[in-house]
Amino acid sequence: MSQVKITLPDGSSREYQQGVTIKEIAFDIGPGLGRASVAGRVNGQEVDLAYQIEEDVELEIITIDSEDGLDIYRHTAAHVLAQALVRLFDDVQLAIGPTIDDGFYYDFDLEKRLSEDDFEQIEAEMKEIIKEGYEIERVELSKAEAIAKMKELGMDYKVELIEEMEDEVVSFYQQGEFIDPCRGPHLPSTKMLKTNAFKLLNLAGAYWRGDENNQMLQRIYGTAFTKKSDLEEHLHRLEEAKKRDHRKLGQKLDLFSLHEEGPGFPFFHPKGMVVRNQLIDFWKEEHRKAGYEEIKTPIILNQELWEQSGHWDHYRDDMYFTEIDEQDYAVKPMNCPGGILVYKDRMRSYRDLPIRLGELGLVHRHERSGTLHGLMRVRNFTQDDAHIYCLPEQIEDELSGVIKLVDTIYNAFGFKYNVELSTKPDKAMGSDELWEQATSALKEAILANDLDYEVNEGDGAFYGPKIDFHLEDCLGRSWQCGTIQLDFQMPERFDLTYIGQDGEEHRPVMIHRAILGSLERFMGILIEHYAGAFPTWLAPIQAEIIPITDDQLDYAYQVKEELEEAGIRVEVDSRQEKVGYKIREAQVQQIPYMLIVGDDEIEAGTVSVRERREGDLGAVKVEEFKNDLLEKIEKKV
RNA sequence: GCUAGCGUAGCUCAGCUGGUAGAGCAGCUGACUUGUAAUCAGCAGGUCACCGGUUCGACUCCGGUCGCUAGCUCCA
């Protein structure tokens, strides 16, 4: 027997007999580590504790309290869920069961339609399996054997998956009577799962392989932790997150509403309009500084325009149509064709380029009913659109300019964002060469700006690839907001030209871009981001004046007038209620400042300032409060 | 669009195995004139989403439609 040299992450190394398992090494290093170990990473590859080391390797022990350890733990929990389903339902067909950010799910096919009422029974069976404490063993079969095995068990989806694998050996994990093909690793035993720290959360339909043309499977989502308290904390966090839901806050803070009379067509209330208008003011200011001009184009335009743009061929199903004087018209789903008409309205010189035309354009799209979601996914929304017409050699600078503008605007709200590069979809216009050229230009712009990004294959617009900027909502769901699309198709289709230095006509390049994405979605994100407590510059009401009795009403209105004259949004709560009541009301409405005025304040010409988070700040002169507040608003703090 | 669930007063929710609805908050009226997160009393408010069926009788059971929620698909 020869020795193998194990190098640990800290650089130290140890010698063991060839064939030593990771579990043995972990216990050899220390019993504490041994007990906490769930798997290993050999030369960067995750493997089971029972994995035998046959040569010199770099080894990392994965412990239960690490992120990777928890992931393995949850993966085993998913297998236990699958095992429970197989035990409970004869005709269950297993599909896939991966881990996700906060838990795991398993997809399966079953004649019986499950409901959440069935969770209790399934969880009980899972607990039983955990208690029975099966060793979890890795089994390797040849591809042919693997297929035969799955056919024998009637697992058609697994057969399909294995048939498409390239490897000749397929690994399985067996626990008791249950066996499931899986890459692993897994916990060494089902009994390592805590019976009181997992929970099945919800049930959903999910298409096999994510394709809506396929069979719809049933999916059970669950989560698992190594401690009961962690599970409880997680569930508590979910509850707290739900309180930030923009749909709830929108109603509570009287910002907007949705009605059956117009599904997906949001109604903005006066307070919601304040936020929206502040956002627009900020947007306009930043765009003015970045060299944009603004236009406005019609909502309804002749159908022929949409045929020319390619929307008729590629986007018709998502559009609304109408008729005017027996002519066919369409309600715009995008602003570009209208904007193009503005560009084409006169001759353009190379000296004019780049031309940056911004438009807060109201678009309508027929989104499928099941996809609507508060303000995040609606059927009419205002895009903070702009189209940049430029020379080919200006592309790089223009793309960078937009990326920087996105960063500036998102930073004003403290948003973290994810960047995706979306490439050519199946349903696309134009040659592969042009797409390739446009895609690599976008990629270069991302790299030049030092952004991390992921590639989203086939998710581009039908006329060009795009860089998408994603923001997260209260539950961590990702929503596309900003987008930059490089387009060589529309200039061609609309025969866009500029006169070059040589006096000849040339083709400009077009960049479509939105920073906020849509005002509606962005506001939804904003509401959840701030949990309704908007920074003062955005707050619908910035200060609530609270007189203690009617005797101070005159003074209250006097203060109101002074602040209003300075442009501050202020209200007087003139109701005959106790101070505590009015304060509570203002707190619930997340008003940044409450100004309490009693006889003392009248006497001294002050207001007692209460800040919504810090509480009572004491009395200050009205003038001082005003200047202070104006400065905060100006600085957007 | 698909799968599952849900739809009772402006809001949040009760309503047992079918016998034509109730609370709190909000609203209105009155009293109280109040010092940093809810003063008291009274009043009013519902074709139980809509349409049809079963039944002597339906908020309750069944079917359909619409809307909402979670997820899938699709997307700003």
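Numbers restart at 1 for each chain; the letters A, B, ... are given by sequence-line order, proteins then strands.
- Side-chain N/O atoms of A/R365 and base N/O atoms of B/rC74 include no donor-acceptor pair closer than 3.5 Å.
- Aromatic rings of A/H311 and A/F462 (six-membered ring for Trp) have centroids within the 6.0 Å cut-off, being under it.
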Which protein N or O atoms sit under 3.5 Å from an N or O of nucleotides 30-32 of chain B?
| unit_1 | atom_1 | unit_2 | atom_2 | d |
| --- | --- | --- | --- | --- |
| B/rC32 | N4 | A/Q576 | OE1 | 2.7 |

Distances for protein N/O vs nucleotides 5-14 of chain B N/O pairs under 3.5 angstrom?
| unit_1 | atom_1 | unit_2 | atom_2 | d |
| --- | --- | --- | --- | --- |
| B/rC11 | O3' | A/Q251 | NE2 | 3.4 |

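- Closest contact between the side chain of A/Y207 and the listed nucleotides B/rU34, B/rA4, B/rC2 involves B/rC2.
- Formation of a donor-acceptor pair under 3.5 Å by the A/R365 side chain with backbone atoms of A/D318 is not found in this model.
- Residue contacts shown for A/R612 are absent, as no nucleic acid heavy atom lies under 4.0 Å away.
- Partners of A/N277 by side-chain hydrogen bond (donor to acceptor under 3.5 Å, both in side chains), not counting sequence neighbours: none found.
- Within the 3.5 Å criterion, the main-chain N or O of A/A543 finds no donor-acceptor partner in the side chain of A/E571.
- Residues from residues 88-99 of chain A with heavy atoms under 4.0 angstrom of RNA chain B: there are none.
- No side-chain donor-acceptor contact under 3.5 Å links A/E286 to the backbone of A/W283.
- Looking at heavy-atom distances under 4.0 Å, A/L372 makes contact with sugar-phosphate atoms alone, never a base.
- Where A/I596 and A/L516 meet RNA chain B, the nucleotide closest to each residue was compared, and A/I596 sits on the side nearer the 5' end.
- With both ends at atom C1', the span from B/rU55 to B/rC66 equals 26 Å, rounded to whole Å.
- When ring centroids are compared, A/F282 and A/F413 come within the 6.0 Å threshold.
- Within the 4.0 angstrom heavy-atom criterion, base atoms lie near A/M376.
- B/rA70 sits 22 Å from B/rU65 when the P atoms are compared, rounded to a whole Å.
- Side-chain N/O atoms of A/R113 and base N/O atoms of B/rU3 include no donor-acceptor pair closer than 3.5 Å.
- The same atom, C1', is picked in B/rG45 and in B/rC25; the two are 14 Å apart, to the nearest Å.
- Of all nucleotides listed (B/rA70, B/rG35, B/rG1), B/rA70 comes nearest to the side chain of A/H373.
- Here the side chain of A/D385 pairs no donor or acceptor atom with the backbone of A/L360 at under 3.5 angstrom.
- Looking at heavy-atom distances under 4.0 Å, A/E601 makes contact with a base.
- The side chain of A/R379 contributes no N or O atom lying less than 4.0 Å from OP1 or OP2 of B/rC75.
- Ring-plane geometry between A/F265 and A/Y320 is classed as tilted, the angle between the planes lying from 30 to 60 degrees on a 0 to 90 degree scale.
- Checked against B/rC72, B/rU33, B/rA76, the side chain of A/R377 finds its nearest nucleotide in B/rA76.
- Within 6.0 Å of CD on A/E164 lie more than 12 heavy atoms contributed by other residues, nucleotides or ligands.
- For A/H512 and A/Y463, the ring centers sit closer than 6.0 Å to each other.
- Contact annotation for A/D600: base contact, defined as any heavy-atom pair under 4.0 Å involving a base atom.
- Between the side chain of A/R521 and the main chain of A/Q480, a donor-acceptor pair closer than 3.5 Å is present.
- Taking 4.0 Å as the cut-off between side-chain N and carboxylate O, A/D573 and A/R575 count as a salt-bridged pair.
- Counting non-hydrogen atoms of other residues, nucleotides and ligands closer than 6.0 Å to CG of A/D554 gives a total of 12 or fewer.
- For RNA chain B, runs of at least 3 consecutive pairs of the Watson-Crick or G-U wobble type, with both hydrogen-bonding distances under 3.5 angstrom, map to B:1-7 with B:66-72, B:10-13 with B:22-25, B:27-31 with B:39-43, B:49-53 with B:61-65.
- For the C1' atom pair drawn from B/rG46 and B/rA14, the interatomic distance equals 15 Å after rounding to whole Å.
- The residue A/G580 sits close only to the backbone: its heavy atoms come under 4.0 Å of sugar-phosphate atoms, none of a base.
- The side chain of A/T371 lies closest to B/rU73, out of B/rU73, B/rC75, B/rA76.
- Going from the C1' atom of B/rC56 to that of B/rG18 covers 12 Å, rounded to whole Å.
- With hydrogens and angles disregarded, no donor-acceptor distance shorter than 3.5 Å links the side chain of A/E123 to the backbone of A/E120.
- In this structure, the aromatic ring of A/Y221 is not positioned over the six-membered ring of the base of B/rG71 within 5.5 Å between centres and 30° between planes.
- Side chain of A/Q485, nearest nucleotide from B/rU39, B/rA70, B/rA76: B/rA76.
- Taking only side-chain nitrogens and oxygens, A/T549 never comes nearer than 4.0 Å to OP1 or OP2 of B/rU34.
- Under the 3.5 Å distance criterion, the side-chain polar atoms of A/Y410 are matched with a main-chain donor or acceptor of A/I515.
- Counting non-hydrogen atoms under 4.0 angstrom, A/D599 reaches a base of the nucleic acid.
- For A/W479, the ring pair (Phe, Tyr, Trp, His ring centres under 6.0 Å) test picks out A/H373, with sequence neighbours left out.
- Of the two residues contacting RNA chain B, namely A/V609 and A/R247, the nearest-nucleotide position lying further toward the 5' end is that of A/V609.
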